[in-house]
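All chains are named by letter (A, B, ...) in the order of the sequence lines, taking the proteins before the strands, and each is independently numbered beginning at 1. Computed from heavy atoms alone, side chains included, the values below leave out hydrogens, waters and symmetry copies.
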Number of protein chains: 2
Amino acid sequence: MDAALKALAEPRRREILRLVWSAELPATAIADHFSEVTRSAVSQHLGVLKAAGLVSERRDGTRRLYRADRSEMRQLRRFLDDYWTSGLERLRDAAEAAQREKDAADG
Amino acid sequence: MDAALKALAEPRRREILRLVWSAELPATAIADHFSEVTRSAVSQHLGVLKAAGLVSERRDGTRRLYRADRSEMRQLRRFLDDYWTSGLERLRDAAEAAQREKDAADG
DNA sequence: GCACAAGTTCAGTTGACACTTACGCAAGCC
DNA sequence: GGCTTGCGTAAGTGTCAACTGAACTTGTGC
C-alpha cells in the first residue's frame with residue numbers, strides 16, 4: 001500500500017496509469033505519449049507501477065503489453081477510507097493524547 | 001491535489017494525519033508520538049500537510065493546535081475516483097462494462 | 001525586564017529518485 | 001547466421017526531500 005501511494009505521488013506515473021486504464025498498450029505506445037522524456041524513463045516508471053501492483057504486464061512476442069490493475073486501485077481507495085479511522089487503534093491514540101494533554105496541564 | 005498526494009506518500013505524515021483526524025492536538029503532543037524523530041522534523045511535516053491543505057492550524061497562546069481537514073481528504077478521494085476515467089472515456093467504459101455484463105448473462 | 005515554554009526556521013548533510021546514455025537481450029524476418 | 005524491432009537494465013548525474021542541531025520568534029508568568 002505504501003508502494004502504491006508512493007507510485008501515485010509522481011505525476012508522470014499517474015498519467016501512465018490513466019493511459020492504460022481502459023486500454024492495454026505496449027511500452028512503446030506509452031513512451032510515445034511523453035515527448036519530454038526518454039523511453040528508458042518510461043520503462044522505469046512502468047517498473048515502479050508494476051512493483052506497486054498498479055499495473056500488470058503481458059508478453060506478446062517482443063512486445064510487452066501493460067494495463068491498469070483496477071482491483072489494486074480499489075484496495076487503495078479502501079485503505080484511504082479506513083486508515084484514518086481504524087477502530088480501536090484510533091481510540092487508543094486519542095485517549096493517550098488526551099492523557100498527555102492532561103498530564104502536561106497538571107504537571 | 002498533487003501536493004496532497006505527495007504529502008500522503010510519506011508514512012510519517014500519514015501517521016500524523018491519523019493522530020489529528022479526530023482530535024485537535026498541539027505540535028508537541030504530535031511530536032511526542034515519534035520517538036525516532038526530532039520535534040523539528042515533525043514541525044516540517046506539519047508544514048507540508050498544511051501547505052497541502054490536509055491539516056489546519058489554530059493558535060492558542062504559544063501553542064499551535066492542528067487538526068485534519070477532512071474536506072480536503074474527501075476531495076482527494078473524489079479525485080482518485082475520477083482522474084483515471086474522466087468524461088467521455090468514463091462513459092465509454094461504463095457502456096463497455098454494461099455490454100460485458102450483458103454478454104456474460106447471455107453467454 | 002527576564003526566564004521559560006512552545007514552535008518554527010535556517011544551514012548543512014545524506015539518501016532517495018527521476019533522468020540520460022549506453023548496453024544487453026529476446027523474438028521475429030530475410 | 002545477421003538485422004531489426006521492442007524493451008529492460010546498468011551506470012552515472014543532478015535535484016529534491018527528510019532529517020539534525022542550533023538559532024530565532026512569540027507568548028506567558030513572575
Below 4.0 Å: OP1/OP2 of C:dT8 and any side-chain N or O of B:Tyr66: yes
Side chain of A:Ser43 - closest among D:dC19, C:dA6, D:dG8: D:dG8
Given D:dT9, D:dG6, C:dT8, the nucleotide with the shortest approach to the side chain of B:Ala27: C:dT8
Atom pair distance, as rounded to whole Å: [atom1] in [X] and [atom2] in [N]:
{"X": "B:Leu65", "N": "C:dT8", "atom1": "CG", "atom2": "P", "answer": "11 Å"}
{"X": "A:Leu49", "N": "C:dA18", "atom1": "CG", "atom2": "C1'", "answer": "13 Å"}
{"X": "B:Glu36", "N": "D:dT20", "atom1": "CD", "atom2": "C1'", "answer": "14 Å"}
{"X": "B:Arg63", "N": "C:dT8", "atom1": "CZ", "atom2": "P", "answer": "13 Å"}

Considering all heavy atoms, the nearest A:Leu8-A:Met73 contact: CD1-SD, 4.2 Å
Sugar-phosphate, base or nothing in reach of B:Glu57, heavy atoms under 4.0 Å: nothing
Listed by chain and number, what are the side chain to side chain contact (heavy atoms under 4.5 Å, CB included) partners of [X], not counting sequence neighbours?
{"X": "B:Val48", "value": "B:Ala7, B:Arg13"}
{"X": "A:Ser35", "value": "none"}
{"X": "A:Ser40", "value": "A:Thr38, A:Gln44"}

Residue list, salt bridge (charged side-chain N to carboxylate O under 4.0 Å, His left out) with A:Arg58, at least two apart or on another chain: A:Glu24
Pairs touching residues 47-78 of chain A that satisfy ring pair (Phe, Tyr, Trp, His ring centres under 6.0 Å), sequence neighbours left out: none
Residues in ring-ring contact (aromatic ring centres under 6.0 Å, His included) contact with B:Phe79, at least two apart in sequence or another chain: B:Tyr83
Which protein N or O atoms sit under 3.5 Å from an N or O of nucleotides 16-18 of chain D?
{"unit_1": "D:dA18", "atom_1": "OP1", "unit_2": "B:Arg13", "atom_2": "NH2", "d": "3.0"}
{"unit_1": "D:dA18", "atom_1": "OP2", "unit_2": "B:Arg13", "atom_2": "NH1", "d": "3.3"}

Pairs touching residues 28-50 of chain A that satisfy salt bridge (Lys or Arg N to Asp or Glu O under 4.0 Å), sequence neighbours left out: A:Arg12-A:Glu36, A:Lys50-A:Glu57
Letter per nucleotide, 5' to 3', of nucleotides 22-30 of chain D [B base touched, S only sugar-phosphate touched, - untouched; heavy atoms, 4.0 Å]: -----BS--
